[in-house]
Number of protein chains: 2
Amino acid sequence: MPPRKSPQVPFIQSLDRGLTILRSVALSPQPVSLGEIADLLDIDRSSAFRLAHTLRRRGFLACPPGRKDYVLGSSMWTLSHQYDWSNMLVKVAHPELKLLATQINETAHLAIREGKNALFIDSAHATHVIAVAGQTGELVPLYCTAHGKALLADADERELRAQFGAGPLQKYTKNTITSIKALAKECDQIKQRGFATDESEYGSEMRCVAAPIRLGNELIVGSIGISAPALRFGRELYPDYAAKVCQVADRIGQYLSGAETKP
Amino acid sequence: MPPRKSPQVPFIQSLDRGLTILRSVALSPQPVSLGEIADLLDIDRSSAFRLAHTLRRRGFLACPPGRKDYVLGSSMWTLSHQYDWSNMLVKVAHPELKLLATQINETAHLAIREGKNALFIDSAHATHVIAVAGQTGELVPLYCTAHGKALLADADERELRAQFGAGPLQKYTKNTITSIKALAKECDQIKQRGFATDESEYGSEMRCVAAPIRLGNELIVGSIGISAPALRFGRELYPDYAAKVCQVADRIGQYLSGAETKP
DNA sequence: TACAGCATTGCGTTTTATGCAACAACTCTG
DNA sequence: CAGAGTTGTTGCATAAAACGCAATGCTGTA
């Protein structure tokens with residue numbers, strides 16, 4: 001039998017169109033005119049006008065002063081800022097976090113960026129292992145921890161300077177990276193290979209692997225990783241742990257990006 | 001004749017409803033169930049389902065793993081982050097900036113927050129006045145400039161510590177605030193009165209007044225202010241300048257928040 | 001196991017969104 | 001300066017889309 005081609009769930013056409021408008025306006029570097037909207041959706045200008053008007057009335061679109069074309073409105077800004085994304089991240093990631101912790105039998109952490117720090121927002125401990133550093137709620141520097149560096153993966157030198165200033169960075173241990181240039185290079189590597197490490201750069205005798213969680217394989221919204229005392233976590237374990245962490249980070253990212261669970 | 005009560009422009013009902021759903025989900029600290037959505041809009045469950053489904057398919061809503069209720073989806077996050085808000089801010093603010101500069105006959109600046117710095121994204125110079133510090137593109141510290149402190153107005157002590165760490169802040173001039181506690185108090189004052197000042201706290205012999213630009217009288221998205229050498233800009237000018245700056249900041253904020261230009 | 005609550009689907013009806021056409025404001029062009 | 005061509009906006013009749021109702025699954029519970 002042929003695969004069902006028609007979607008069983010009917011779509012609300014006008015809502016769908018409105019969201020498409022929102023998307024195209026958001027992704028366009030320029031204000032979008034009514035004609036472009038009508039073209040894009042292949043509908044009449046009057047319809048486009050009414051859709052755009054509703055979006056504008058709700059604050060999702062706006063018109064630059066004097067102009068008649070559309071840009072994103074304040075609602076998008078406000079709503080996405082007021083929303084507690086970390087909460088959502090925790091909910092999605094927690095099962096994976098637990099799985100990771102039990103698989104490897106170490107502590108797994110979930111972190112997000114908060115200013116120039118990484119903030120641990122969740123963790124899962126292997127049952128019989130003594131808790132290591134990095135409790136939920138703790139803030140650690142971005143530039144000298146695996147989680148922090150994972151969160152910085154996409155930053156270039158200019159961006160790093162904006163965050164940390166021109167001067168040298170505080171040296172916590174003998175392994176701490178203190179120059180912006182070196183940090184930029186490290187970030188680049190992390191971006192390439194997909195994970196970051198912490199060779200006792202902040203706390204001594206600790207190792208950590210962390211991978212950025214990306215929305216749509218782009219935007220970094222958090223990081224997931226495993227930490228353990230260097231005694232138990234030897235360098236030879238990096239490949240294995242890193243692979244697992246990357247896989248999990250990727251799965252979480254896919255899920256957050258709205259991957260469908262198609263039967 | 002009576003004022004026209006019926007809105008001349010017809011509304012797209014289903015789009016409007018969809019946006020209302022988006023709003024309520026974004027503002028709810030908890031996932032929102034189908035029933036709640038149906039209740040909120042006073043429509044049938046089936047309709048609510050189809051609307052929510054459309055939003056989900058487009059990534060504006062998502063379901064937590066395993067659960068059947070709704071949270072914000074990644075599209076909101078992605079779209080609002082990829083969007084170049086500063087560009088919009090510049091476009092809206094530039095005329096006001098020019099007006100301000102010519103009225104007072106000094107230089108006016110527009111800034112946004114970028115990490116722990118304020119970034120000047122636009123400026124307007126009075127015709128015959130020599131340019132002062134703060135060119136477009138320049139980064140200045142948040143804690144010791146009027147623009148920076150305006151951008152920090154809503155921060156509490158905890159937030160400030162997260163940004164600047166526990167240690168004392170770098171002292172640029174004899175007036176630089178170096179303790180977080182003092183900074184927190186200053187921010188509180190700024191929030192109360194609506195504007196921030198810079199008493200040569202960063203550059204010497206310079207004064208500046210700046211006010212935060214707020215979305216919906218809440219979220220701070222930028223700052224606008226006037227700078228001048230202390231020689232020309234005496235303390236006695238603060239009240240007048242501050243009032244003007246606040247008024248302009250407010251107007252820009254109102255506009256950005258989607259104020260309608262009703263005839 | 002049966003029931004209760006909720007999500008999901010089918011279907012006929014009615015609302016509602018749509019395209020057409022006309023109008024207005026404005027720009028470009030000859 | 002005038003006329004032709006855009007582009008934004010409103011009115012209206014029709015066609016289609018969205019809606020509510022009711023029936024069907026699905027899941028968790030007494």
Side-chain angles (χ1 to χ4, degrees), chain A residues 3-22 24-25 28 30-58 60-71 73 260-263, chain B residues 1 3-22 24-25 28 30-58 60-71 73 258 260-263:
Chain A
R4 317 204 171 170
K5 37 178 66 177
S6 62
Q8 292 88 337
V9 179
F11 272 55
I12 306 304
Q13 193 186 57
S14 63
L15 175 55
D16 200 57
R17 286 174 170 174
L19 297 177
T20 304
I21 294 174
L22 220 50
S24 64
V25 171
S28 163
Q30 308 250 327
V32 179
S33 76
L34 205 63
E36 296 176 87
I37 295 174
D39 275 0
L40 175 74
L41 296 174
D42 197 37
I43 57 176
D44 193 81
R45 289 221 292 294
S46 62
S47 300
F49 171 69
R50 287 185 272 251
L51 289 167
H53 185 79
T54 356
L55 285 164
R56 190 162 70 90
R57 266 285 212 104
R58 282 268 179 234
F60 285 81
L61 289 184
C63 298
R67 314 216 45 216
K68 54 254 167 120
D69 39 17
Y70 296 94
V71 295
E260 306 277 328
T261 51
K262 283 286 173 192
Chain B
M1 81 185 75
R4 317 204 172 170
K5 37 180 63 178
S6 62
Q8 295 88 335
V9 179
F11 272 54
I12 307 305
Q13 192 184 61
S14 64
L15 175 55
D16 200 55
R17 286 175 171 172
L19 297 177
T20 306
I21 293 175
L22 220 50
S24 63
V25 171
S28 162
Q30 307 251 328
V32 179
S33 77
L34 206 63
E36 296 176 89
I37 294 174
D39 274 0
L40 175 74
L41 295 174
D42 195 38
I43 56 176
D44 193 81
R45 272 210 183 64
S46 60
S47 301
F49 171 69
R50 287 185 271 252
L51 289 167
H53 184 80
T54 315
L55 286 164
R56 191 162 70 90
R57 266 287 212 105
R58 282 268 180 240
F60 285 80
L61 290 185
C63 298
R67 317 216 42 218
K68 54 254 168 124
D69 39 17
Y70 297 94
V71 295
E260 307 277 327
T261 50
K262 283 287 171 189

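The chains referred to below are lettered A, B, ... by the order of the sequence lines, with proteins before strands, and numbering in each begins at 1.
- With sequence neighbours excluded, no residue forms a salt bridge (charged side-chain N to carboxylate O under 4.0 Å, His left out) with A/Arg17.
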Using the 3.5 Å cut-off, write out each protein N or O paired with an N or O of nucleotides 17-21 of chain D and the distance between them.
from   : atom 1 : to      : atom 2 : distance (Å)
D/dA18 : OP1    : A/Gln13 : N      : 2.5
D/dA18 : OP1    : A/Ser14 : N      : 2.9
D/dA18 : OP2    : A/Phe11 : O      : 3.1
D/dA18 : OP2    : A/Gln13 : N      : 3.1
D/dC19 : OP1    : B/Arg17 : NH1    : 2.8
D/dG20 : OP2    : B/Asp44 : N      : 3.1
D/dG20 : OP2    : B/Ser47 : OG     : 2.5
D/dG20 : N7     : B/Ser46 : OG     : 3.2
D/dG20 : O6     : B/Arg50 : NH2    : 2.8
D/dC21 : N4     : B/Ser46 : OG     : 3.1

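- Residues meeting the side-chain hydrogen bond (donor to acceptor under 3.5 Å, both in side chains) test with A/Ser14, sequence neighbours left out: B/Ser14.
- Rounded to 10 degrees, the angle separating the terminal axes of the helix from C/dT1-D/dA30 to C/dG30-D/dC1 is 30°, with each axis obtained from five end pairs.
- Side chains of A/Thr20 and B/Arg58 form a contact here, defined as non-hydrogen atoms less than 4.5 Å apart.
- Of the residues in residues 33-40 of chain B, none has a non-hydrogen atom less than 4.0 angstrom from any atom of DNA chain D.
- At least one donor-acceptor pair closer than 3.5 Å links the side chain of A/Thr54 to the backbone N or O of A/Leu51.
- Not counting sequence neighbours, the partners of A/Glu36 by the side chain to side chain contact (heavy atoms under 4.5 Å, CB included) test are A/Val32, A/Ser33.
- Taking 4.5 Å as the limit, every side-chain heavy atom of A/Ile21 sits out of range of all side-chain heavy atoms of A/Tyr70.
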Tabulate below the donor-acceptor pairs under 3.5 Å that side-chain atoms of residues 41-49 of chain B make, not counting sequence neighbours, or state none.
from    : atom 1 : to      : atom 2 : distance (Å)
B/Asp44 : OD2    : B/Ser46 : N      : 2.9
B/Asp44 : OD2    : B/Ser46 : OG     : 2.7
B/Ser46 : OG     : B/Arg50 : NH2    : 3.4

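- The CZ-P distance, from A/Arg57 to D/dT9, rounds to 14 Å in whole Å.
- Going from atom CG of A/Asp69 over to atom P of C/dC26 covers 15 Å, rounded to whole Å.
- If you take CZ of A/Phe49 and P of C/dC20, they are 18 Å apart, rounded to a whole angstrom.
- Residues forming a side chain to side chain contact (heavy atoms under 4.5 Å, CB included) with B/Ser24 (at least two apart in sequence, or on another chain): B/Leu40.
- Of all heavy-atom pairs between B/Arg56 and B/Cys63, the closest is CD-SG, 3.5 Å.
- Taking CG from A/Leu15 and CG from B/Leu55, the interatomic distance works out to 4.5 Å, rounded to the nearest 0.5 Å.
- Regarding B/Leu41, its CG atom lies at a distance of 14 Å from the P atom of C/dT16, rounded to whole Å.
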